[in-house]
Amino acid sequence: MKIATWNVNSIRARLSHVCDWLQSKQPDVLLLQELKCQTEAFPYEAIEDAGYQVAAFGQKTYNGVAILAKGGIEDVSCGNLYFEDSQARVIEAIVDGQYRVISVYVPNGEAVGSEKYTYKLAFMEGFAKLLEDRLRFDEKLIIGGDFNVAPMDLDVYNPQTWKGRVLCSTPERLALRSLINLGLTDVLRAKNPQVEGLYTWWDYRSGGYAQNHGLRIDHLLLSAKAMESVLEVGVDSQTRGLERPSDHAPVWVSLG
DNA sequence: ATGACGTGAGTATCACGA
């Protein structure tokens with residue numbers, strides 16, 4: 001069972017990359033963020049032709065999340081019952097009858113102290129309530145998404161430059177820590193403690209990828225029951241080197 | 001200090017991303 005998360009920065013602009021990647025990597029589940037299209041404009045046919053069922057939750061121009069799965073997708077739920085939000089940032093479902101998966105696109109936050117930053121922290125608090133509910137039972141729960149938070153300085157190419165700034169500020173890191181402390185594991189870091197230069201996003205500007213000037217802001221958080229069967233975890237950073245790439249790379253985990 | 005680059009909407013230029 002291989003589950004991945006990928007902020008594609010427009011599913012329609014990235015459709016060929018996504019189809020190529022599904023074809024070559026054959027994940028069982030792919031959690032998408034930043035569809036940048038309305039639900040009905042999702043390219044269902046191309047993804048279904050690639051062998052995947054789709055549950056999408058979109059909106060015009062911005063945001064949008066989806067779950068792609070080879071097996072059955074059941075009990076789809078869009079949004080967060082515990083957080084009033086007009087933006088399409090959360091979708092969850094049961095896949096293969098035994099894994100609860102959630103795709104989340106946490107707000108960017110713009111700048112520390114801004115309205116969008118306040119919204120980001122409120123969103124994370126509301127998301128924690130959802131996770132608290134979903135962790136009531138000892139189930140295989142996998143949350144994948146763009147959290148827009150680099151958990152530690154180790155996750156940042158130049159911590160001094162980023163110190164205290166949005167994506168790296170202490171309140172954001174504490175909010176992410178609170179989510180994880182509900183009973184989850186940041187599986188990529190857990191399997192790669194102390195590894196430097198492990199990033200999932202590189203700025204389009206200033207040749208960020210060529211110099212590996214990145215941040216680790218996309219995460220896979222697993223419940224204890226899901227952690228029991230982890231085999232491998234990684235980042236497919238080569239996708240960032242393609243022509244017209246997303247600025248984020250897929251993060252994946254395989255379970256036995 | 002600012003902007004770099006990319007996408008969608010709409011057809012010039014802005015909102016937004018991180």
Side-chain angles (χ1 to χ4, degrees), chain A residues 5-19 31-43 46 56-66 85-90 103-124 127 144-173 175-176 188 197-219 235 237 239-251:
Chain A
T5 182
W6 194 3
N7 177 327
V8 288
N9 185 16
S10 170
I11 184 60
R12 289 180 293 181
R14 228 62 67 195
L15 187 57
S16 65
H17 285 345
V18 170
C19 288
L31 307 172
L32 295 174
Q33 300 87 38
E34 277 211 89
L35 304 179
K36 290 190 169 179
C37 69
Q38 291 177 302
T39 306
E40 55 271 28
F42 187 97
F57 179 35
Q59 69 176 86
K60 194 175 178 182
T61 314
Y62 305 117
N63 312 313
V65 285
D85 197 351
S86 60
Q87 304 187 8
R89 295 182 176 277
V90 178
S103 179
V104 61
Y105 178 43
V106 173
N108 164 283
E110 192 189 22
V112 173
S114 67
E115 268 182 40
K116 287 176 187 170
Y117 182 79
T118 304
Y119 163 59
K120 179 180 194 173
L121 293 179
F123 177 95
M124 293 181 79
F127 192 59
D146 176 359
F147 285 78
N148 270 315
V149 179
M152 303 188 296
D153 283 353
L154 181 61
D155 302 305
V156 181
Y157 77 94
N158 186 348
Q160 281 316 112
T161 301
W162 284 90
K163 191 174 174 61
R165 290 173 55 188
V166 74
L167 314 189
C168 299
S169 76
T170 300
E172 291 165 87
R173 285 178 169 175
L176 180 60
L188 181 63
L198 196 54
Y199 307 134
T200 65
W201 170 86
W202 300 261
D203 203 314
Y204 283 124
R205 299 164 293 186
S206 315
Y209 180 62
Q211 302 170 82
N212 198 27
H213 286 181
L215 300 177
R216 192 174 72 90
I217 55 177
D218 301 87
H219 308 300
V235 182
S237 52
T239 60
R240 184 63 180 78
L242 297 170
E243 202 151 323
R244 290 175 72 84
S246 168
D247 46 353
H248 297 252
V251 184

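Residue numbers start from 1 in every chain, and the chains themselves are labelled A, B, ... in the order their sequence lines are given, proteins ahead of strands.
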For atom CD of Glu34(A) and atom C1' of dA15(B), their distance in whole Å: 13 Å
Glu40(A) atom CD: more than 12 heavy-atom contacts under 6.0 Å: yes
side-chain contact (heavy atoms from CB on, under 4.5 Å) between Phe57(A) and Ser103(A), intermediate numbers included: CA-CA 10 Å; Phe57(A) 179 35; Ser103(A) 179; over 6 Å; no
Atom P, compared across dC14(B) and dG3(B): separation rounded to whole Å: 12 Å
Sugar-phosphate only, base, or nothing, as touched by Tyr117(A) at under 4.0 Å among non-hydrogen atoms: nothing
For atom CD of Gln33(A) and atom C1' of dC16(B), their distance in whole Å: 17 Å
Length of the CD-P vector between Gln59(A) and dA15(B), whole Å: 17 Å
Validation row: Tyr199(A), Val235(A) side chains within 4.5 angstrom (heavy atoms): no
Rounded C1' spacing from dA15(B) to dG10(B) in Å: 13 Å
Is there any protein nitrogen or oxygen under 3.5 Å from a nitrogen or oxygen in nucleotides 7-10 of chain B, and what are the pairs?
| residue | atom | partner | partner atom | Å |
| --- | --- | --- | --- | --- |
| dT7(B) | OP1 | Arg14(A) | NH1 | 2.6 |
| dT7(B) | OP1 | Arg14(A) | NH2 | 3.1 |
| dT7(B) | OP2 | Arg244(A) | NH2 | 2.9 |
| dT7(B) | O3' | Ser10(A) | OG | 3.3 |
| dG8(B) | OP1 | Ser10(A) | OG | 2.4 |

Pairing residues for Tyr119(A) by the side-chain hydrogen bond (donor to acceptor under 3.5 Å, both in side chains) criterion, not counting sequence neighbours: Asp85(A), Gln87(A), Arg89(A)
Interatomic distance, Glu243(A) CD vs dG6(B) C1' [rounded to whole Å]: 14 Å
Option from Asp146(A), Asp247(A), Asn148(A) for which side-chain hydrogen bond (donor to acceptor under 3.5 Å, both in side chains) with Asn7(A) holds: Asp146(A)
Touch class at under 4.0 angstrom, heavy-atom based, for Asp203(A) against every strand present: nothing
Rounded interatomic separation in angstrom, taking NZ from Lys120(A) and C1' from dG17(B): 11 Å
dT11(B) and dG6(B), which share atom name P, separated by this distance in whole Å: 24 Å
Separation of dT2(B) C1' from Arg205(A) CZ (nearest whole Å): 11 Å
Side-chain donor or acceptor of Lys36(A) paired with backbone N/O of Ala13(A) under 3.5 Å: no
Sugar-phosphate, base or nothing in reach of Asp218(A), heavy atoms under 4.0 Å: nothing
Salt bridge (charged side-chain N to carboxylate O under 4.0 Å, His left out): pairs with one or both residues in residues 205-216 of chain A, sequence neighbours excluded: Asp155(A)-Arg216(A), Asp186(A)-Arg216(A), Asp203(A)-Arg205(A)
d(CG, Asn63(A); C1', dA15(B)) in whole Å: 12 Å
Touch class at under 4.0 angstrom, heavy-atom based, for His213(A) against every strand present: nothing
Rounded P spacing from dA1(B) to dT13(B) in Å: 29 Å
Atom-to-atom span, OH of Tyr119(A) to P of dC16(B) - whole angstrom: 12 Å
